Amino acid sequence: MEHSSEAALLLSCARTQIDEETATRIRRLVESSLDWSALLGLAREQMVLPLLYRSLSEVVPNAAPSSVQERLRDGFRSNVKNNLLLAHELLDLLDRFDQNNIPVVPFKGPVAAASVYGDLRLRPFVDLDVLVHPEDVTDARSLLLSQGFEEQKPLPDHFDQPASWYLALTEPASKEQAYVRDSGQKIPVPLELHWDLTPRHFQHPLDPTHLWQRLRTITFLDRQVHAFSPEDTLLYFCIHGTLDQWWPLRLICDVSELLYGHPELDWKWLMGEAKRLRSERLFLLGLRLAHELLEAPLPASVRERAYSHGAVDSLYEKVTQWLLRPASEVAGYSITQIYPLIAYNLQVRDRLRDGLGSCIYHIRQTLGAFIYHNSHCPFKIRGET
């Protein structure tokens with residue numbers, strides 16, 4: 001698929017490892033006729049603005065107009081402020097869990113930024129995610145409530161009659177509960193408490209018990225914290241990216257940065273585990289996207305498998321059709337927008353029947369969201385007279 005100059009530049013900059021060939025491509029692209037406002041909007045929506053700022057600053061520090069440089073710098077600083085605040089909130093929470101003898105593992109968010117990207121500033125995130133054992137959920141919930149967190153309701157207070165319709169159609173897809181707390185610094189602290197990692201509709205899910213057994217210890221802001229192994233993290237990234245249809249681009253960056261930072265991955269185990277979970281296609285798709293779009297390194301045998309698998313070819317084409325498009329064109333509540341998702345979900349799992357659950361889930365979500373967004377009258381599209 002041919003990209004616009006803005007999209008091509010964004011792909012060249014959305015990485016921490018820039019070789020001379022990539023740097024030359026960046027220099028060539030910034031000399032073309034760029035729509036800088038469109039580039040900034042795309043970078044924000046795809047959640048890679050910090051990477052764009054860093055790459056342009058290092059390769060072509062004065063290429064962008066001064067007003068664009070200022071907007072990039074302001075966006076970068078705002079992200080740094082948000083990330084640092086949430087990172088320190090996470091450390092405080094981990095201390096509270098430890099004091100109450102509740103085992104917990106942070107993942108995504110600040111841990112991914114620090115351990116996968118190597119720099120807390122470079123990966124935008126909006127909330128904290130922690131995993132606990134199922135038997136500790138009640139205690140974890142009580143602890144969070146005692147620390148000022150509030151459980152998030154699935155519907156706003158004004159939503160009345162259609163509520164039961166919406167809840168019936170969009171029953172919780174994952175074993176998680178969302179919370180939020182006021183940080184006192186004009187930035188809320190959203191948190192998701194998980195006791196599983198894959199939605200109910202995902203057949204042959206990751207087994208959290210095995211992930212707990214393979215935990216490692218990493219250094220995070222001069223502290224030692226538990227984290228998933230690199231192999232488990234890569235598998236999770238690919239499943240998470242698949243469930244979100246690999247949008248925004250940051251999901252692919254997560255896979256790419258992990259591949260750049262961990263050349264010692266146990267590929268034999270990874271390929272075997274992906275097949276055991278009946279998720280070889282989605283795993284290869286994530287690797288293919290990271291390699292082809294962001295030039296992430298792959299062993300020759302894995303690369304050959306990712307490029308020779310017919311279903312992965314088709315899935316790659318589907319994803320790249322919507323990847324760098326605006327959010328409004330990717331996900332919505334119309335029937336025409338659900339068709340591509342159905343085709344994608346039917347194909348992305350190794351067996352057709354494993355994809356049916358995801359298809360049913362997306363259809364239910366679409367119907368539920370339609371009711372939600374047209375709540376004044378379930379039988380009239382809002383805006384019609």
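All of these numbers come straight from a predicted model, not from anything done at the bench. Along the sequence shown, the residues carry numbers beginning at 1.
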Donor-acceptor contacts under 3.5 Å from residues 46-54 side chains, at least two apart:
residue: Q46; atom: OE1; partner: L249; partner atom: N; Å: 2.6
residue: Q46; atom: NE2; partner: L323; partner atom: O; Å: 3.1
residue: R54; atom: NH1; partner: T16; partner atom: O; Å: 3.3

key: NZ/NE/NH1/NH2 to OD/OE distance under 4.0 Å, D254 and R123   = yes
ask   = How about E150: does its CD atom have over 12 heavy atoms from other parts shown lying under 6.0 Å from it?
value = no
key: H226 atom NE2, over 12 foreign heavy atoms within 6.0 Å   = no
note = Across all chains, not counting sequence neighbours, the side-chain contact (heavy atoms from CB on, under 4.5 Å) partners of A311 are R281, H309, Q347
remark   = Contacts of E273 meeting salt bridge (Lys or Arg N to Asp or Glu O under 4.0 Å) (sequence neighbours excluded), chain-then-number -> R276
ask   = Roughly how far apart are R353 CZ and R278 CZ, rounded to 0.5 Å?
value = 6.5 Å
query = Excluding sequence neighbours, so at least two apart, what forms side-chain contact (heavy atoms from CB on, under 4.5 Å) with Q213?
reply = T209, H210
Under 3.5 Å donor-acceptor, D354 side chain and Q203 backbone = no
key: Joint hydrophobic cluster, V68 plus L56, side-chain heavy atoms closer than 4.5 Å   = yes
task = List for me each residue that meets salt bridge (Lys or Arg N to Asp or Glu O under 4.0 Å) alongside R71, sequence neighbours excluded, and say none if there are none.
result = none
ask   = Quick check: does any side chain N or O of Q177 sit under 3.5 Å from a backbone N or O of E192, one acting as donor and the other as acceptor?
value = no
remark   = side-chain contact (heavy atoms from CB on, under 4.5 Å) filter on N83, not counting sequence neighbours, yields N79, L120, F125
message = With rounding to the nearest 0.5 angstrom, report the CD to CG distance, Q147 to L93.
response = 7.0 Å
Got a list of side-chain donor-acceptor pairs under 3.5 Å for residues 20-36, not counting sequence neighbours?
residue: E20; atom: OE2; partner: T24; partner atom: OG1; Å: 3.4
residue: E20; atom: OE2; partner: R27; partner atom: NH1; Å: 3.1
residue: T22; atom: OG1; partner: D19; partner atom: OD1; Å: 2.7
residue: T24; atom: OG1; partner: E20; partner atom: O; Å: 2.9
residue: R25; atom: NE; partner: S12; partner atom: OG; Å: 2.9
residue: R25; atom: NH2; partner: E295; partner atom: OE1; Å: 2.9
residue: S32; atom: OG; partner: L29; partner atom: O; Å: 2.5
residue: D35; atom: OD1; partner: S37; partner atom: N; Å: 3.3
residue: D35; atom: OD1; partner: A38; partner atom: N; Å: 3.0

ask   = Are the side chain of W267 and the backbone of L298 linked by a donor-acceptor contact shorter than 3.5 Å?
value = no
query = Is the backbone of C13 close enough, under 3.5 Å, to the side chain of S55 for a donor and an acceptor to pair up by distance?
reply = yes
note = To the nearest 0.5 Å, atom CD1 of I252 lies from atom CG of L289 at 4.5 Å
request  = Answer with yes or no whether the hydrophobic clustering places Y260 together with L251; edges join I, L, V, M, F, W, Y residues whose side-chain heavy atoms lie under 4.5 Å apart.
outcome  = no
task = Decide, yes or no, whether a salt bridge links D244 with R250 under the criterion of side-chain N to carboxylate O below 4.0 Å.
result = no
message = Can you confirm whether F149 sits close enough to V189 that some side-chain heavy atom of one is under 4.5 Å from a side-chain heavy atom of the other?
response = yes
message = Quick check on the hydrophobic clustering: are V180 and I187 connected, directly or via other members, by side-chain heavy-atom contacts under 4.5 Å?
response = no
query = If you measure from CG on L315 to CG on L282, what distance do you get to the nearest 0.5 Å?
reply = 9.0 Å
request  = Tell me, please, which residues at least two apart from D232 pass side-chain contact (heavy atoms from CB on, under 4.5 Å).
outcome  = L211, R214, F228, S229, W269
T242 side chain reached by Y344 side chain, heavy atoms, under 4.5 Å = yes
query = For Y179 and E151, does a side-chain donor sit closer than 3.5 Å to a side-chain acceptor?
reply = yes
ask   = Hey, any chance I102 and L193 share a hydrophobic cluster, counting ILVMFWY side chains that come within less than 4.5 Å of each other, even indirectly?
value = yes
Sub-6.0 Å ring centroid separation between Y316 and W246 = no
Counterpart residues, salt bridge (Lys or Arg N to Asp or Glu O under 4.0 Å), relative to R121 (two or more places apart) = D119
task = Starting at CD of Q152, measure out to CG of L191 and round the result to the nearest 0.5 Å.
result = 10.5 Å
query = How long is the gap from CZ on R15 to OG on S256, to the nearest 0.5 Å?
reply = 7.0 Å
key: Partner set under salt bridge (Lys or Arg N to Asp or Glu O under 4.0 Å) for E292, not counting sequence neighbours   = R288
message = Is any side-chain heavy atom of T217 closer than 4.5 Å to one of V225?
response = no
inquiry  = Quick one, L144 and F97 - any side-chain contact, counting heavy atoms below 4.5 Å?
reply    = yes
inquiry  = With a 4.5 Å cut-off on side-chain heavy atoms, are V126 and L86 touching?
reply    = no
query = Pairs in or reaching into residues 100-110: which pass side-chain hydrogen bond (donor to acceptor under 3.5 Å, both in side chains), with residues at least two apart or in two chains?
reply = none
message = Can you see whether F202 has R349 sitting over its ring - NZ or CZ less than 6.0 Å from the centre and within 45° of the normal?
response = yes
Can you list, pair by pair, the side-chain donor-acceptor contacts under 3.5 Å of residues 127-137, counting residues two or more places apart and other chains?
residue: D129; atom: OD2; partner: H194; partner atom: NE2; Å: 2.8

task = Grab the two heavy atoms, one from P205 and one from L277, that are nearest each other, plus how far apart they are.
result = O-CD2, 3.4 Å
